[in-house]
Amino acid sequence: MADHQLHPLVPGFASVADDYERGRPEYPADYVPAVLEHTGIPGGSAVLDLAAGTGKLTRALLAGGLDVVAVEPLPGMRARLAAQLPADRVLDGSAEAIPLPGASVDAVFCGDAFHWFNGPAALDEIARVLRPGGALIASWLIPAPLHPDGWQAAVADLLTAVRPEHPGFTPDRGLAALDADARFTSRSAVPIPFEHTTDVDGFCAYVASFSFVGGMEHGRRAQLLDAIRAVLADEPLPLRAPSIVDAWVTTLRA
């Protein structure tokens, strides 16, 4: 794999593959049909899941009938991917150094990942591996607008107090680089509501899977998770968190 520099917070994911798989929500069943409707890409197309993590999005793409190859830079995450795809479909690489031939895929999907990329370098690589007219789909699974007195807002306050500067919490999450790139058409929003249903352990795993939490010193991390458990102690189960897949679709100009 070509040399590349990951964002300084990315190593926080190195030891959280189990928490990521346990805590992060699955993509809703209508995600793939909804985004494909906006791309013109037919079912069965060859697609890339870029920065695939443990394969949350990979599973949705496979279930949607797409022909998937996954690229992920962290070994712990790739080990989880290996249970879902043949070995030659799970590749060590990054957005800035994609180990695929030029014009080899019809779409590139990025799930909860685009904000980690070096935008211009990543878009050079994405444009290289896409076929003309191919699609780029950047998606984030995010909470719906929070009730100010609800448990989600209380947890958000705890996280905001300890979160370092983080590219995922900027207004555009890195999409300004895409907007400035004339090779791609204007992006279209495809919001898909869903409900993240979990228990206290699952929600704590969700928090523990965040890069900045995974990178914390052990005692500080335990203190944060204990505070979150205290917030959730009296909540009825299962916990229900209204959420949105915030998806953006664009096309490589032919």
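Positions are given from 1, in the same order as the sequence printed here.
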Check this for me: does any side-chain nitrogen of one of [X] and [Y] sit under 4.0 Å from a carboxylate oxygen of the other?
| X | Y | value |
| --- | --- | --- |
| Arg183 | Asp124 | yes |
| Arg220 | Glu217 | no |
| Arg78 | Glu72 | no |
| Asp226 | Arg221 | no |

Taking the ring of His166 and the ring of Trp116, is the distance between their centroids below 6.0 Å?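 For Trp116 and His166, the ring centres are under 6.0 Å apart.
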Given the side-chain rings of His196 and Tyr206, with only the six-membered ring counted for Trp, is the space between their centroids under 6.0 Å?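 Ring centroids of His196 and Tyr206 are less than 6.0 Å from each other.
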Please give me the minimum heavy-atom distance between Ser209 and Phe13, naming the atom from each residue.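 Where Ser209 meets Phe13 most closely, the heavy atoms are O-CE2, 3.2 Å.
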Looking only at heavy atoms, which two atoms of Ala60 and Val32 are closest? And how far apart?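 Nearest pair, atom of Ala60 first, then Val32: O-CG2, 3.4 Å.
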Once rounded to the nearest 0.5 Å, what's the spacing between atom [atom1] of [X] and atom [atom2] of [Y]?
| X | Y | atom1 | atom2 | answer |
| --- | --- | --- | --- | --- |
| Thr197 | Leu239 | OG1 | CG | 9.0 Å |
| Phe210 | Leu159 | CZ | CG | 6.0 Å |
| Leu100 | Ile126 | CG | CD1 | 11.5 Å |

Check whether any side-chain heavy atom of Glu235 sits under 4.5 Å from a side-chain heavy atom of Val200, and report yes or no.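 When only atoms from C-beta onward are counted, Val200 and Glu235 do not touch, as no gap falls below 4.5 Å.
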Any heavy-atom pair between the side chains of Val108 and Cys110 that's under 4.5 Å?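 A side-chain contact under 4.5 Å exists here.
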Side-chain donor-acceptor pair under 3.5 Å between Glu21 and Thr54, yes or no? yes
Between the side chains of Tyr27 and Ser139, is a donor N or O closer than 3.5 angstrom to an acceptor N or O? no
Could you list the donor-acceptor pairs under 3.5 angstrom formed by side chains in residues 64-71, with sequence neighbours left out?
{"from": "Asp67", "atom 1": "OD1", "to": "Arg89", "atom 2": "NH1", "distance (Å)": "2.7"}
{"from": "Asp67", "atom 1": "OD1", "to": "Arg89", "atom 2": "NH2", "distance (Å)": "3.2"}

